[in-house]
Amino acid sequence: MPLMLPLVVSCGLFGLGLYAVLARRHAVMVLLGIELMLNAASLNLVAFDTWWADTVHTGQSLTLFVIALAAAEIGLGLAIVLALFRAVGNSDVDGQEPPTSLLAEGGDEL
Amino acid sequence: MNRRYSASAVGITAVMAVCAAVVAFPRLGDDTGPYGLPAGRTTTLVDGGDLLGVSVTFYVDHLSAVMLLLAATVGLLVQVYSVAYLAGDARYRSYTTIIQLFLVAMATVVVADNLWLLVVGWEVMGLCSYLLISHHWELAPARAGAVKAFLLTRIGDLGLLVAVFAIGQTFGTYEISEVLTAMASPDAPEGLTAIGLLLVVAVIGKSAQFPLHTWLADAMPGPTPISALIHAATMVAAGVFLVARLYPVLAESAVTMTVLAVVACVTMLLAALLALTSGDLKRVLAWSTVSQLAYMFAALSVGGYDAGIDHLLSHGAFKALLFLVAGSVAHAIGSTALRDMGGLRVAMPLTFLTGTIGFAALAGVVPTVGFFSKDAVLESAWHAIGHDAPVAPLVAVVVLVVGLVTAAVTVVYSFRAWSMTFVGHGAPARASVAVHEAPPLMVGPLVVLAAATLLLSLAMPFDLLMGLVTTAIVVAAGWLAWRTMSAGRDPASLLGPAQPAFTRELDWDLGYAGAGVVARRAGDLVTATDRDVIGFYPRAAAATSVWLSRVLARAQSGNAQTYVTVLAAGALLTTLLVVVR
Amino acid sequence: MTVVDAIDWTSAGVPLLVAVGAIVVLVVDAFWPAGGWRRSGTLAIASLAAAAAWLANGGSSGAIVAGFSWVILLSALAVVLLAQVLEDDAQMPAGESGFLLLSATAGALTLAAADDFVTLVVALELLSLPSIALVAMRRDRAAAVSSAWTFFIASATATAITLMGLSLLYGVTGTLTYEGVLVGLQDDRVPERTTAVVVVLVLVGLVFKVGAVPFHLWIPDAYRGASVPVAAFLSVVSKGGALAALLVVLAYPFLPLQPRWDIFIAVVAALSMTIGNLGALAQRDVVGMLAWSSIAQGGFVLAPLVAVSLGSDDILSAPLRYLAVYAIANLTVFAVAAVGLRTLGGTSYAHYAGVARRQPLFGVALVMGLLALAGFPPAVIGLVAKYVVLQPVMLGGYAWLAVVMAFNVALGLVYYLRLVVVAFAPADRVDEGAVVTGAAVRGGRGTTIAYSVVAIGVVLLLATSVYPTLVFGPLP
Amino acid sequence: MNGLVVALALPAVAALLLVVLRDMLTDRLAAWAGVGVSVVVAMLLLVTWVGGDGDGYVAEVDLVWVRSLDLHLHLGMDGISFPLLLMTALVTALVCWALVDDPPRGDNATPGLVGLLMVVLTASIGVFAALDLVLFFVFFELALIPMWFVIARWGDPHDPVGRRTAATRFLLYTVVGSALMLVGFVTVWALAGTVQIPELAALGAQLDGGWALFAACMIALGLAVKTPVWPLHLWLPDAHAKAPTVGSVLLAAVFLKLGTYGLLRVFVAVLPGPARDLAPWLGLLGVVGIVVASLACLRQADLKRLIAYSSVGHMGFVVLGIATLTEIGIAAAVFASVAHGVVTALLFFNAGSLKRRFGTAEISVLGRGMYARMPALAVVLAFASVASLGLPGLAGFWGEMMALRGTYEAAAGADGAGLGEALAAVLLVGALLGVLLTSAYFLRVLRRTLQGVPTPHDADTDLAGSERGIAIVLVVAVLVLGLVPGLVMGVVEPSIPAILGGAR
């Protein structure tokens with residue numbers, strides 16, 4: 001299999017994931033986007049591992065780590081989404097915090 | 001109150017005068033002329049190091065001695081005179097103190113060997129002049145005159161400053177005696193025109209020569225004894241002294257001497273004409289001082305070193321006398337305007353007598369000292385034609401002609417002032433209180449100075465031919481003035497249509513006023529620039545920072561996706577940065 | 001064939017001890033939940049102390065890494081002490097907090113000690129995820145969760161970008177050990193521009209943790225959402241770990257590409273200090289100000305990295321030296337904020353008006369801490385630190401960056417000094433009505449312990465200001 | 001025990017004690033303590049100087065401060081710094097003395113204020129004595145924040161916003177400048193590998209080329225803000241006008257000298273090559289400053305602002321002197337710095353006395369005829385003005401004269417001068433115009449305030465107490481400097497080669 005194929009797919013996955021993170025309003029979709037980006041990296045790693053015929057299989061081992069990390073990330077992410085849901089009542093991710101004025105009143109000493 | 005101070009003031013001045021006399025008399029014989037090796041005595045008190053070149057060293061010769069004696073005598077007489085003149089003045093104490101400071105400064109100038117010491121004395125004199133002119137600081141003319149005097153003389157002083165730099169650079173020393181020695185040696189430096197011209201600038205300021213001549217007349221609101229001391233006998237004559245002191249340096253360059261001669265000629269005649277048209281006795285005297293100082297410069301410029309010094313001495317005596325006379329008159333009638341005077345000869349006989357001697361000397365009437373010294377000046381111009389003089393013969397001719405014309409004008413204005421003051425009848429009739437003779441403490445100095453005006457003649461040279469010429473001029477001009485006066489016309493009207501212009505003193509002050517306006521406008525411009533141009537940048541920077549700060553705070557919307565967008569865009573852009581590099 | 005090198009226990013010992021401590025704290029808390037902050041704190045301190053002892057006995061792969069480890073350990077210790085203040089208002093659960101703190105610390109230590117990109121990624125996540133959880137755990141503020149969400153998404157994206165970069169790096173070099181990458185990058189088979197892009201992608205995750213512009217937007221929200229000791233942790237420990245990794249990565253595997261990435265670091269540094277300072281200008285809240293200030297300080301600490309290729313020890317240790325000073329100063333000010341939140345009732349400037357008059361220690365702490373951050377005498381140590389980071393920049397010839405730094409020193413002074421001025425406002429200038437006294441309580445023992453952090457910070461700042469060798473001497 | 005180190009540490013310790021013990025001290029006691037410390041410092045400096053062997057640096061100490069960075073606690077004084085050191089200590093003593101009768105607002109505020117002043121004293125001594133660039137910088141910055149507090153807290157009581165703005169403007173200008181200066185210092189380090197000033201001066205001629213020029217520009221910028229050189233002077237009028245009397249005096253007498261001293265010690269001595277390249281610009285800006293400042297003075301309505309602007313002009317002469325790079329020019333810089341310190345201190349004390357009485361220093365409010373209303377005050381003001389306008393025989397003259405002479409020598413083509421002949425001639429004329437304008441605006445002030453028909457005012461009280469004593473001390477100092485310039489020159493002259501050594 002030519003190297004180009006997994007690379008192109010990985011690029012597509014990453015782009016898709018980034019799009020989801022940036023544009024989707026629903027928290028779960030955002031988490032999915034993150035997952036996609038991580039998997040794009042994993043795909044690359046595996047592909048390069050094969051291409052290099054890496055005897056120590058660095059790519060594969062890192063992929064394993066990435067899978068574990070992704071799980072941890074999603075776990076944490078879902079927990080936060082849950083807490084958010086409890087606090088605000090929906091899982092739309094924008095406008096969670098009303099933009100507060102950070103400029104307190106008071107005399108400007110300097 | 002004042003009596004206690006006055007005793008000590010006069011006492012201290014007397015002690016100073018005695019000291020001056022002790023220093024001066026032994027050196028009167030050191031008269032080696034301008035070009036000789038310095039014959040005076042040099043004394044070093046403090047040596048200030050090589051780099052700065054300031055040391056306290058004294059150089060006393062004939063010239064210094066003459067000046068010292070003049071200053072000490074007039075100073076002492078003025079102090080005595082002031083006891084009566086300023087009796088009851090609240091500021092008598094500071095007045096006498098400043099006079100003493102002035103005398104010290106004047107003495108410093110004339111005995112200094114180190115040029116920096118001379119500069120110190122020179123400018124302290126200017127300060128004293130400023131302070132004394134503004135003695136009556138409640139009066140606007142006194143304040144204005146003082147400022148004007150200080151600023152115009154300061155222009156000259158800057159010339160002196162640079163001249164001293166140049167001397168130091170050229171001669172490698174700041175000691176006058178060493179400069180003179182260098183000039184007397186065969187390998188004297190050449191190309192001293194710049195130094196000479198700078199020195200001319202210095203004396204133009206200090207001695208109120210054209211074009212900086214107007215300050216002296218405006219200095220007249222000061223107390224009259226001060227006018228006698230500072231603005232007639234001593235400080236203004238310091239310019240003449242400086243030229244005489246550094247004579248070889250100036251005389252090395254014909255250009256310098258020609259410039260000096262031209263300045264002197266212009267000033268001489270101009271000031272005489274201004275004196276003719278002035279309506280104020282003190283202003284007449286002030287202009288005449290300017291005119292007479294120009295005589296001295298004229299003499300020096302054509303090589304008449306001794307004539308210049310002699311005229312300085314004689315002028316010091318008779319002009320001090322005239323100013324004190326004017327003070328006596330002013331003290332009696334409370335005004336110095338000529339139209340307020342007239343007929344004072346009866347009420348103030350002694351003042352009249354001494355005043356007459358003084359005016360006669362000013363006009364150059366035989367046998368007053370003024371006759372002899374002015375003749376000497378004119379004779380030196382005559383002598384310079386065709387002989388080895390520092391200036392071209394043509395210049396000497398001009399000096400001679402202008403000198404003779406000015407002599408005639410001098411006679412006319414002297415006669416005019418004298419007769420408007422003492423002859424006829426006016427002041428006693430108009431005065432609200434009885435006019436009577438001045439107190440003895442004022443009359444005393446008048447008598448002493450009048451005697452000096454007559455007796456100094458004995459020390460003066462005499463040239464018969466020039467004496468006859470000038471006497472003829474005196475007679476003719478006197479007759480003309482007398483005819484005009486007895487016809488009931490002001491001799492000033494002899495100027496014809498030019499008279500109003502001279503009465504306005506040729507509007508010369510407009511120039512200074514214009515300079516002042518320009519400076520103030522420039523000041524406004526600078527202030528505005530500081531505020532709106534230079535100040536704009538820091539203000540704009542601060543405002544921009546604050547604005548950006550608010551924008552940044554507002555950008556913290558709390559929206560995670562906005563943040564990630566920025567993050568991704570940032571990653572992209574920074575990556576591009578690396579690629580483009 | 002051995003595919004796995006023997007584990008380097010000397011280096012691994014330090015983070016391992018901390019990680020073990022984390023688990024012990026969690027387990028103990030799970031079974032005997034009554035212990036509270038005092039016990040979790042004690043356990044945490046014990047594990048940090050054990051790690052420190054290991055480190056003192058040579059448990060490190062190199063001097064620079066050891067230096068970073070010391071800074072991280074001691075800062076974590078300070079944060080643990082500081083966290084005792086939370087006991088008094090029960091903002092966070094004690095056991096979980098202790099566990100997360102120690103986990104993240106272990107992550108930071110691993111990050112510093114890693115010599116392999118795989119380790120680096122794992123360490124990065126070990127640092128990030130507990131940090132996010134710590135931010136989210138604050139109970140008394142709804143904003144905590146939403147700021148944790150922001151932090152999470154940004155962090156996950158940054159990690160993903162880094163991972164993507166790593167995968168490409170792997171593709172370019174065929175290995176992910178530092179040594180292998182160094183060799184691989186010296187090879188010019190792949191166009192330099194391409195490898196440069198890969199390198200920058202890898203760096204994004206680390207620069208994100210340092211909190212540099214344009215990867216900084218989470219910081220103000222996270223700091224303000226989290227409880228103050230957590231913010232202190234983020235600003236020092238987390239930043240320190242990332243900086244250590246960044247330094248090692250730039251100076252070792254990525255060194256061949258220095259002519260490429262230097263502009264990235266320089267621009268990021270310049271932007272960070274400028275935007276961080278500008279953002280801080282408008283703040284009227286201690287934590288908000290410190291958040292932006294930490295962005296700016298991130299810029300200062302990144303700046304010397306541009307010249308690591310010059311290779312001298314002084315240059316390599318410049319970021320470490322700056323970080324150490326920054327840690328002391330920043331923790332002192334954060335300690336004031338943490339205690340102040342409790343005893344003054346809030347962290348806005350209004351709470352601090354004239355505080356120096358009432359609590360001189362706060363006054364001194366703010367003067368020394370803030371001015372050390374600003375780089376001004378009497379906190380001479382801060383000034384020397386600025387000198388330290390300027391040195392490599394000028395040696396590398398980055399004059400424009402040095403000038404930007406100079407302007408930012410001036411800009412920073414404005415807002416640092418503003419708080420000093422507020423604290424020293426004379427009695428007649430403090431409008432009593434405007435001062436928010438709030439819940440001005442004398443805190444309990446937890447507060448007292450946190451207070452001791454302030455005192456220690458002040459002593460350290462004063463001592464090092466008089467004799468900076470105290471801090472620069474032990475560091476490489 | 002090294003006298004210089006003691007003189008440096010003593011005020012710092014005093015500051016600490018004053019702040020710690022502030023509740024136990026009365027206002028008067030604190031003020032007298034400040035006077036005492038400053039006088040002791042002055043004595044120590046004098047004794048140390050006299051006891052020095054006159055070779056190289058007196059009381060030189062060189063201790064390692066930060067080993068890993070090769071920073072040293074390197075102190076020492078020579079003929080350039082000693083006059084400034086002594087002047088600083090004396091002026092600080094006078095400033096504290098002024099507080100005896102004129103305590104700052106607020107309850108028992110004097111200990112705090114004197115404490116800040118002591119910090120400033122330490123900092124100034126440190127700057128003048130430092131022989132390590134970083135140490136120089138540390139002390140250079142140390143004085144800033146105390147000064148900010150002095151201005152912002154105890155400044156003009158009628159304008160709380162204005163005084164804080166002025167203080168901040170002062171701080172920011174200086175800080176931007178000094179931060180750039182630090183960049184310059186680091187560049188010097190990067191080029192030479194050391195920050196010890198004597199070592200740098202020894203290899204000064206080797207520091208040349210683009211990077212050295214960059215370093216010189218940065219350093220000059222920082223020092224030019226402090227000096228101040230036009231057009232970086234804008235902080236000065238506000239800061240001086242809004243500061244309390246003690247602040248104005250210290251700013252004018254001491255702070256500005258930090259800049260001029262730095263120009264000598266760091267700019268000219270360490271980077272002679274680039275200094276030569278930049279000298280024409282420096283000279284030009286100096287003269288522009290002279291003229292512009294005196295023009296601005298003609299239009300000032302506030303006495304303190306006027307004096308502040310006049311400082312810009314006087315510092316222009318100092319800068320001009322330095323820019324000539326002639327021996328006489330360097331001497332001019334030192335002498336004019338000292339003289340300006342004394343004369344302007346007197347002027348500011350006087351303006352402060354007036355402001356204390358009238359609540360403002362607006363010339364129109366002060367009224368006229370002060371000679372009659374407050375004779376002693378008026379005479380002192382007149383004396384100070386005359387000294388400031390450069391009357392020969394008073395302190396102000398010699399510095400100006402030497403600066404002009406240096407310019408003249410450059411115009412006459414002296415060897416090694418920093419200015420071209422034509423430029424020097426133009427600058428000379430400009431500077432002379434400035435001298436004339438200086439006279440004009442001071443006479444304007446005297447005419448407006450001291451002279452004229454007296455306008456009596458309830459606040460008319462003549463100099464009394466410490467005001468009188470301060471005036472006497474300063475008048476004597478002005479006279480001594482003016483009449484015996486050799487006193488200072490004898491100290492300065494042997495050290496000039498240390499400054500110009502590299503440049504020749």
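Quick note on labels: first sequence line is chain A, next is B, and so on, each numbered from 1.
- Considering all non-hydrogen atoms of both residues, Ile80(A) and Ala148(C) come closest at CD1-O, 4.1 Å.
- Annotation: residues 47-54 of chain A contacts chain C through Phe48(A), Asp49(A), Trp51(A), Trp52(A), Asp54(A) [non-hydrogen atoms, separation under 4.5 Å].
- Closest heavy-atom contact between Val145(C) and Ala83(A): CG1-CB, 3.7 Å.
- For a residue to count as touching a neighbouring chain, one of its non-hydrogen atoms must lie under 4.5 Å from one of that chain's; by this rule Val172(C) touches chain A with the backbone only.
- Contact check for Val30(A) versus Trp149(C): side-chain heavy atoms found under the 4.5 Å cut-off.
- For the options Val21(A), Val46(A), Leu43(A), Ile34(A), heavy-atom pairs under 4.5 Å to chain C are most numerous at Ile34(A).
- For Thr58(A) against Val118(C), the heavy-atom pair with the smallest separation is CG2-CG2, 4.1 Å.
- Two residues are said to be in side-chain contact when any heavy atoms from C-beta on lie closer than 4.5 Å; Leu76(A) and Phe152(C) meet this criterion.
- Here OG of Ser61(A) is found 8.0 Å from CG of Leu176(C). Values are rounded to the nearest 0.5 Å.
- Of the listed residues (Val121(C), Thr175(C), Leu126(C), Leu168(C)), the one with the most heavy-atom contacts under 4.5 Å to chain A is Leu168(C).
- What you find for Ala41(A) and Met164(C) is that their closest heavy atoms are CB-N, 3.8 Å.
- Between chain A and the residues Thr173(C), Thr159(C), Asp116(C), the most heavy-atom pairs under 4.5 angstrom are made by Thr173(C).
- For a residue to count as touching a neighbouring chain, one of its non-hydrogen atoms must lie under 4.5 Å from one of that chain's; by this rule Leu281(C) does not touch chain A.
- Considering only heavy-atom pairs separated by less than 4.5 Å from chain A, the leading option among Ala160(C), Gly288(C), Ala136(C), Ala133(C) is Ala160(C).
- Against chain C, the residues from residues 12-19 of chain A that qualify, each with a non-hydrogen atom under 4.5 angstrom away, are Phe14(A), Leu18(A) in number order.
- Counting only residues at least two apart or in different chains, ring-ring contact (aromatic ring centres under 6.0 Å, His included) contacts with residues 116-146 of chain C comprise Phe117(C)-Tyr178(C), Phe117(C)-Phe254(C).
- Side-chain contact check for Phe65(A) versus Leu163(C): every heavy-atom pair is 4.5 Å or farther apart.
- For residues 62-84 of chain A, no residue pair satisfies the side-chain hydrogen bond (donor to acceptor under 3.5 Å, both in side chains) rule, not counting sequence neighbours.
- The parts of Ile161(C) that come within reach of chain A are both its backbone and its side chain, each placing non-hydrogen atoms under 4.5 angstrom from that chain.
- Across Ser167(C) and Leu45(A), no two heavy atoms sit closer than the pair CA-CD2, 3.5 Å.
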